[in-house]
Amino acid sequence: MSEEDILESMQLKPQNLAVYIFDQTIISVIRHATKEAKIPKVTIVLRDLTGKYIWTSQLRYPAPALDIEETHIPKDPKYDLKPPKSNPELSEEDKKFLMQIMELLEPAEKRRHDIIFEKAKQRESEENSLLQSKNYGLGDNIVAKRPRFPPIDQSGFAVSPNRLWLTHLGFLSLVNHQRFSVVQPFNAAAPFNYVHNFKILDQTRERDTYSAAVCFTKGAVTEEEIFENNLGSVEYSLFVNSVGWSVKLDDHKGYKGGLENVKVTGEYAPYSATYDYEMIFHVFTLMPSVDKMAHKKRFLTNDKVLISWVEDLDQYDLKMLKSFDLAINIVINPLKSGLFRIRIFRFKSWIPVFGPLLDEMVVNKNSLAALTRQTAVNACKILREDKTKAFAKRKILIDDFIQTHKVQFEPLHQFYASQFR
């Protein structure tokens, strides 16, 4: 879903869209309509090297109501206001202690302190007389007023949700002013002058994607028998369930590798992913045998990497699948000892040796699936013509967008004025 789709679904105008840049992250902020909902609410679309993220943010604690109430407190004997008591006299012990301190002073110093004490007493007497004449500022008619909040400037309310969100997340802090910038505002002549760039960026994956075919054969079988087979041994089924986690293709949001029509490709497929790549396995035994197996043959032709589970390796004919122009065939042969023999066949002379599984290696059941998956990933990396990483392609598009649409505010106060006006 793009910004254009969100605006259309909410029946909002393009002016409700504002785009910002923080380092190499593109942040789109879409203001919701505020006539019906007085609480500020925005939808955020964030794009960076790792992908695209969308969420909605709403202010949880809006400003309180502006109704001002005055409460008159009636006169009541229990609320009788009395003037404060005069300062208490010093105790005899305190006076004695004070005299001892005074005796330690020099005569001249003592005279100066006597003058200060006399002036202090005189000032205290004057203040008490003034307070008594004013009844200590107390009266019977007392009114309690709630604080009055400043009125909201409705003319500038359109920018308020954006500003609140940016402020709450610290983007408008002076510490981040060199990392944060604004994208060119809405242009009536070209309303979506940069949304087209977003669509291209969204079509660029954030991780490398790979696929490999998986088949089961007992040994001496024909090409058609391999594609028609929908059964496998118990060990083979455990391997398929371990090489990746089973995903339901109808609900799967990640890489599908062409497994779109579940009626032809099956409902489930093994899928694996890390921070760096996504991999889907085209398991022939999980696909229905329809349409002369054209879909299975198409996947084998496109994948170039085949993982073959062969029960009887001596009867396995490598020339059987020669017409599909395979590049690499990773063969798994279960042994009577409970271990598994690995054969790596490279059908192109330029393909180097790769791992972690090597030809004629023997592994146990616990490590078979993980080692086979990583070997298939490395095989796909070797066969890939474009060696550029997916995140590097996204970086190029993001850098180009920033260089084209970024607005430089000089001096700095112009940027803050644009957000707080």
Side-chain angles (χ1 to χ4, degrees), residues 50-51 205-217 226-227 229-288 295-311 326-334 339-344 354-358 361 363-384 389-391:
T50 64
R205 291 192 171 273
E206 66 278 2
R207 292 180 287 185
D208 295 329
T209 54
Y210 308 111
S211 62
V214 181
C215 71
F216 174 86
T217 176
I226 291 179
F227 291 120
N229 178 44
N230 291 106
L231 301 175
S233 63
V234 175
E235 291 179 328
Y236 166 78
S237 299
L238 292 174
F239 167 77
V240 170
N241 291 330
S242 302
V243 75
W245 55 83
S246 181
V247 295
K248 189 174 182 180
L249 296 173
D250 277 341
D251 303 329
H252 184 52
K253 302 301 182 183
Y255 178 61
K256 293 185 179 181
L259 299 175
E260 305 295 342
N261 187 357
V262 296
K263 293 182 179 179
V264 177
T265 61
E267 294 183 11
Y268 297 90
Y271 168 84
S272 179
T274 66
Y275 74 95
D276 192 38
Y277 71 84
E278 296 178 87
M279 187 163 193
I280 196 80
F281 294 90
H282 300 136
V283 183
F284 294 160
T285 56
L286 296 178
M287 299 181 185
H295 56 296
K296 297 183 181 181
K297 296 177 181 180
R298 173 170 54 86
F299 288 129
L300 182 58
T301 302
N302 295 333
D303 289 340
K304 304 296 182 182
V305 176
L306 173 64
I307 302 173
S308 301
W309 185 284
V310 182
E311 295 286 326
L326 276 177
I328 297 173
N329 190 357
I330 304 172
V331 178
I332 302 173
N333 176 223
L339 300 176
F340 300 87
R341 179 187 177 189
I342 305 299
R343 293 301 311 272
I344 306 293
F354 58 93
L357 291 179
L358 302 175
M361 182 179 286
V363 298
N364 60 21
K365 177 177 65 176
N366 296 331
S367 58
L368 175 63
L371 292 176
T372 304
R373 178 175 60 248
Q374 190 57 50
T375 303
V377 170
N378 293 339
C380 293
K381 289 181 179 180
I382 293 174
L383 298 175
R384 190 170 186 171
K389 302 290 287 184
F391 74 87

#### Entry: Distance, nearest 0.5 Å, that separates OG of S211 from CG of L259
8.5 Å
### Query
Mind checking what makes ring pair (Phe, Tyr, Trp, His ring centres under 6.0 Å) contact with F299, not counting sequence neighbours?
H282
#### Entry: Flag, side chain of D303 to backbone of V305, donor-acceptor distance under 3.5 Å
no
### Query
Under a 4.5 Å cut-off applied to non-hydrogen side-chain atoms, are I330 and T375 in contact?
yes
### Query
Looking at residues at least two apart in the chain, or sitting in another chain, which of them share a side chain to side chain donor-acceptor pair (under 3.5 Å) with Q374?
N378
### Task
Could you tell me the separation between the OG1 atom of T372 and the CZ atom of F340, rounded to the nearest 0.5 Å?
9.5 Å
### Message
Going by side chain to side chain donor-acceptor pair (under 3.5 Å), name the residues that satisfy it together with Y236, two or more places apart in sequence or in a different chain.
### Response
T285
#### Entry: Residues in ring pair (Phe, Tyr, Trp, His ring centres under 6.0 Å) contact with Y277, at least two apart in sequence or another chain
none
### Query
Does Y271 have any ring pair (Phe, Tyr, Trp, His ring centres under 6.0 Å) partners at least two apart in sequence or in another chain, and if so, which?
W245, H252
### Heavy-atom side-chain contact between L300 and F284 under 4.5 Å
yes
### Query
Do the side chains of F216 and E311 get nearer than 4.5 Å, heavy atoms only?
yes
### Task
For S308, check side chain to side chain donor-acceptor pair (under 3.5 Å) against everything at least two apart and list the hits.
Y316, N329
### Query
Is the side chain of S237 donor-acceptor paired with the backbone N or O of S233 at a distance under 3.5 Å, no angle test?
yes
### Task
Measure the CG-CG distance between N364 and L371 for me, rounded to the nearest 0.5 Å.
8.5 Å
### Any L358 side-chain heavy atom under 4.5 Å of I344 side chain
no
### L306 side, atom CG; I226 side, atom CD1 - distance, nearest 0.5 Å
8.0 Å
### Message
Does any part of the side chain of V283, heavy atoms only, come nearer than 4.5 Å to the side chain of Y268, both counted from C-beta?
### Response
no
### salt bridge (Lys or Arg N to Asp or Glu O under 4.0 Å) partners of residues 238-256, not counting sequence neighbours, each pair once
K256-E260
### Query
Is the shortest heavy-atom distance from the side chain of V363 to the side chain of L339 under 4.5 Å?
no
### Summary
Residues passing the salt bridge (charged side-chain N to carboxylate O under 4.0 Å, His left out) test with E278, sequence neighbours excluded, are R205, R207
### Message
Just verifying a value: how many Å separate K304 NZ and C380 SG, rounded to the nearest 0.5 Å?
### Response
12.0 Å
### Query
Can you name the ring pair (Phe, Tyr, Trp, His ring centres under 6.0 Å) partners of Y210, sequence neighbours left out?
none
### Query
Which pairs, with at least one residue in residues 365-380 and sequence neighbours excluded, count as a salt bridge (Lys or Arg N to Asp or Glu O under 4.0 Å)?
none
### Task
Return the set of residues passing salt bridge (charged side-chain N to carboxylate O under 4.0 Å, His left out) with K389 (not counting sequence neighbours), or none when no residue passes.
D208, D276
#### Entry: Listed partners of T50 passing side chain to side chain donor-acceptor pair (under 3.5 Å), at least two apart
D48, Y53
